[in-house]
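These numbers come from the heavy atoms of this one structure, side chains and all, not from hydrogens, waters or symmetry mates. Ligands are counted one by one from 1 in listed order, and the atoms in each one are counted from 1 as well.
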Amino acid sequence: MRLTREQAAAKVMVALDKPDAETALRLADALHGTGCWMKVGMELFYAAGPSVVRELKARGFKVFLDLKMHDIPNTVRGGARSITRLGVDMFNVHAAGGSAMMGAAMQGVEDALGEGDADEKPIVIAVTQLTSTSLAVLNEEIGIAGTVEQAVVNYAKLAASAGLRGVVASPLEVEAIKLACGPEFLTVTPGIRPRGSDIGDQSRITTPGDAVRGGTDYLVIGRPITGAPDPAVSLQSILEEMSAS
Ligand code: C5P
């Protein structure tokens, strides 16, 4: 099924990896009205704090807060409660923290909702294996045996059993994840590179068109848009590629 431009835009999460609120909001304003999500990660959040999330929400963007929490369950529960109160639409934890930690994140969401401090229930997803991780790094540095895909699927199954709605993974692993966890289990995929663009530090990559054809639910795209001379033009050509898939 072909995507309309609106459907394509609703699947794109622009990684606002910028060092200050002013630069990030200027970029967001350039993409206003397109219907895409904004992803706030460590670089921006640690510099600008919760107010930048509120600014983006006030502008009507859906926000994915990508802070990849990984700590003891009690701390993650408190973190998830604070994030839910902030009103984000999606946030994440590391699956490597285990099922008790992921369950604590879900509990933190319920805490905030139960206290009446939040209106919306955010989608909670787990990071599986970072898309910058190669097989050699997985096996030799991190010490996990087997293929990257096996590690990712194990993490995805763990996240699903802990009640999370989906995972962050490479687009190359979407088929295996959907097979293991069901078609409704969400896949959020960074490592997207339009043909001819710079790979940067990503390792397991694919094009926007191939990601859509592979069944990805959300495409996280940073530097190909945020580093382009005209980010809005770059986004439009990515949307065209997605809706031609
Ligand atoms: O610039 P680029 O398109 O590589 O940005 C990808 C974004 O997705 C970055 O913000 C990065 O932190 C994030 N990400 C990732 N791999 C993961 C999880 C998140 O690249 N597994």
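Contacts of Ser132 with ligand 1, taken as heavy-atom pairs under 4.0 Å, are absent altogether.
The six-membered or imidazole ring of His32 lies near that of Phe61, with a centre-to-centre distance under 6.0 Å.
The side-chain hydrogen bond (donor to acceptor under 3.5 Å, both in side chains) check on Glu6 picks up nothing, with sequence neighbours excluded.
The contact set between ligand 1 and Gly222, taken as ligand atoms under 4.0 Å from a residue heavy atom, comprises 1 (O), 2 (P), 3 (O), 5 (O). Each of the atoms 7 (C), 8 (O) of ligand 1 lies under 4.0 Å from some heavy atom of Val220. Heavy-atom contacts of Ala15 reach the following atoms of ligand 1: 7 (C), 10 (O) (cutoff under 4.0 Å). Per-residue contacts place Arg223 under 4.0 angstrom from the following atoms of ligand 1 (heavy atoms of the residue considered): 1 (O), 2 (P), 3 (O), 4 (O). Close approach of ligand 1 to Pro190 is summarised as follows: ligand atoms under 4.0 Å from at least one heavy atom of the residue are 8 (O), 14 (N), 15 (C), 16 (N), 17 (C), 18 (C), 19 (C), 20 (O). Interface atoms of ligand 1 facing Leu130, defined by a heavy-atom separation under 4.0 Å, are 17 (C), 21 (N). Taking every heavy atom of Pro224 and a limit of under 4.0 angstrom, the matching atoms of ligand 1 come to 3 (O). Remark: ligand 1 atoms within the under-4.0 Å shell around heavy atoms of Val168 are 17 (C), 18 (C), 21 (N).
Under the 4.5 Å side-chain criterion, counting only non-hydrogen atoms from C-beta, Ser170 is not in contact with Val152.
Counting heavy-atom neighbours within 6.0 Å of Lys68 NZ, excluding the residue itself, gives a total above 12. For Asp29, the CG atom sits in a packed shell: over 12 heavy atoms of surrounding residues, nucleotides or ligands are nearer than 6.0 Å.
Ligand 1 lies nowhere less than 4.0 angstrom from a heavy atom belonging to Glu43. For Gly191, the closest heavy-atom approach to ligand 1 does not fall below 4.0 Å. Distances from ligand 1 to the non-hydrogen atoms of Met42 include no value under 4.0 Å.
Interatomic distance, Glu241 CD to Leu3 CG, rounded to the nearest 0.5 Å: 12.0 Å. Asp89 contributes atom CG, which lies 5.5 Å from atom NZ of Lys62 (distance to the nearest 0.5 angstrom).
Between Trp37 and Tyr218, the angle of the ring planes goes over 60°, which puts this pair in the perpendicular group of the 30/60° scheme.
Under 3.5 Å, the side chains of Gln7 and Arg2 contain no donor-acceptor pair of N or O atoms.
Geometrically, ligand 1 and Val127 share no nitrogen or oxygen pair separated by less than 3.5 Å.
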